[in-house]
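Below: one structure, written as structure tokens.
Letters A, B, ... mirror the listed sequences (proteins, then strands); counts begin at 1.
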There are 2 protein chains.
Amino acid sequence: MHRSPLHQEFILHFGEMGSRWGINRTVGQIYALLFISEEPLNAEQIVDSLGVSRSNVSMGLKELQVWNLVRLRHRPGDRRDYFATPDDMWEIVRTLIKERKKREIDPTLSKLRELGMQDSTNEVDRYAQSQIGELRELIELLTSWHDDLNRLETRQIVQLLQAGSKLRALIKTTGNIVKLPKGRNAGGRFQETDS
Amino acid sequence: MHRSPLHQEFILHFGEMGSRWGINRTVGQIYALLFISEEPLNAEQIVDSLGVSRSNVSMGLKELQVWNLVRLRHRPGDRRDYFATPDDMWEIVRTLIKERKKREIDPTLSKLRELGMQDSTNEVDRYAQSQIGELRELIELLTSWHDDLNRLETRQIVQLLQAGSKLRALIKTTGNIVKLPKGRNAGGRFQETDS
DNA sequence: CTGTTATTTCAGAAATTACTGAAATAATAG
DNA sequence: CTATTATTTCAGTAATTTCTGAAATAACAG
């Protein structure tokens, strides 16, 4: 299938960025292709457009479905699967954040809670335990904020972002609730250097 | 160097998560080790603790410095380099977000702007251009919001997060400014399916 | 059923990324 | 300067990830 230079450049860019986003090149390219295609595409059309193997496309589409980043569509009288990206771009952003949290944050939060259970009468572990506890609290705060955001509609989120300039105002309405970090190197045997 | 079971489990977990976070196992382990160590460590101590090669540690520390995730320290009369993680955990979070934005968002924003310049009198590119433009606007909005956040102090950010329940209130103070997405599949030749 | 088309699975090949040991470079003390 | 210690570089190897082609499975239509 022939693609315009604009399409090609867009698709190749998403392919190259794929590795930085934790997906592989083909998955990035498939997503880009669906994103700029007005009509849903079937696997064979994707193969033709990208020049990769049918099996690779099959696996890529499966991964995109696991990520909840594509929607399945069908034409009457056509039993092939067609794929499209969601229409609401902010839904895509929310999905991306949610899925990344699931993969990158949640397992660590579980592990931190698990490690926090261990009662370390052990003196060596005292500092480690306090660091682990602080990190867990930090992630829990971010997580609950994320949950709050996820209860909002697309329209509300956009409004919130556009109210960026009002951030400072909001802060003045809340008290100073939290203790600030204590700082390490109490004995002072080390010297700070450049950055 | 002997490490307690707590230390070991924490370090191994960060190593395993490394690949999901876009760093390799060794870099993840080095960071974890520094994070739970009360005193700064030198390269040799890291080698002993992790059981990897000296050169691997050297490369890992270099990468952590590129990411701005470690600080260099020195002891008087000792010319070896010592390393520590920043004391303020929220500074770490901010750094992580900033650096990931630099790697994962900024190049794509540049590319989208570049592609948006192309005047596509071409009919095929009309839809692609509108998608690219919408995506660019979305990223620009997120980016400027991120810039706003970065101007805040740690204390203010924590307060903002803890004010999560006040989000809805804030939204009521802002008008409905933005047009909502239009939706694809105008002709309606495709049928929606499951998820 | 049987034949045809669509999709998935999977073992091995290809490509990429991570790691090591050895050698080079850098920094400093004497 | 020379010897010693600290750090980096890098070519080759190991480990991991991605991709392909072939075979298996699934989903129909007739």
* To do: Let me know which of B:I11, B:V57, B:N24 forms a side chain to side chain contact (heavy atoms under 4.5 Å, CB included) with B:Q29.
  => B:I11

* Whole Å only: how far is the CG atom of B:L50 from the C1' atom of C:dC19? -> 13 Å

* Asked: Step by step, would you call A:F35 with A:F14 a side chain to side chain contact (heavy atoms under 4.5 Å, CB included)?
  -> CA-CA 11 Å; A:F35 182 80; A:F14 269 60; 5.7 Å; no

* To do: Mind running salt bridge (charged side-chain N to carboxylate O under 4.0 Å, His left out) on B:R113 and B:E140 for me, showing each step along the way?
  => CA-CA 10 Å; B:R113 284 172 174 157; B:E140 280 170 350; 3.0 Å; yes

* Picking from D:dA27, D:dT8, C:dT7, which would you name as closest to the side chain of B:S58? -> D:dT8

* **Side-chain-base donor-acceptor pair under 3.5 Å for A:S53 and D:dG21** => no

* Protein-nucleotide distance (B:N56, atom CG; D:dT9, atom C1'), rounded to Å -> 13 Å

* Go through residues 20-29 of chain B and report each residue with a non-hydrogen atom lying under 4.0 Å from DNA chain C, sorted by number. => B:N24, B:R25, B:T26

* Once you round it to whole Å, what is the distance between P of D:dA6 and CG of B:L61? -> 15 Å

* To do: Using the closest heavy atom to pick a nucleotide of DNA chain C for each, name whichever of B:S55 or A:S55 lands nearer the 5' end.
  => A:S55

* Between atom CG of A:L141 and atom CH2 of B:W90, what is the distance when rounded to the nearest 0.5 Å? -> 4.5 Å

* Asked: Looking across every strand, which nucleic acid part, if any, lies under 4.0 Å from A:N42 by heavy atom: base, sugar-phosphate, or nothing?
  -> nothing

* Expressed in angstrom and rounded to an integer, what is the separation of B:L41 atom CG from D:dA6 atom P? -> 15 Å

* D:dT5 P sits how many Å from B:E44 CD, rounded? -> 13 Å

* Length of the line joining A:F83:CZ and C:dT8:C1', which is rounded to integer Å -> 12 Å

* To do: Please check the phosphate of D:dG21 (OP1 and OP2 only) for any side-chain N or O of A:R54 closer than 4.0 Å.
  => no

* Structure fact -> Checking D:dT7, D:dT20, C:dA27 against the side chain of B:R79 (C-beta onward), the nearest is C:dA27

* Do we see a donor-acceptor contact under 3.5 Å between the side chains of B:D125 and A:S4? -> yes

* To do: Choose from D:dT20, D:dA27, C:dT9 the nucleotide whose nearest atom is closest to any side-chain atom of A:K62.
  => C:dT9

* Nearest-Å distance for atom pair CD1/P, residues A:I46 and C:dT8 -> 11 Å

* Asked: Checking all strands, does B:R80 fall into the base, sugar-phosphate, or nothing category for heavy-atom contacts under 4.0 angstrom?
  -> sugar-phosphate

* To do: Using atom CE of A:M59 as one end and atom P of C:dT9 as the other, report the distance to the nearest whole Å.
  => 10 Å

* Atom CD of B:E153 with >12 non-hydrogen neighbours under 6.0 angstrom -> no

* Asked: So how far is it from B:L109 CG to B:E114 CD, rounded to the nearest 0.5 Å?
  -> 11.5 Å

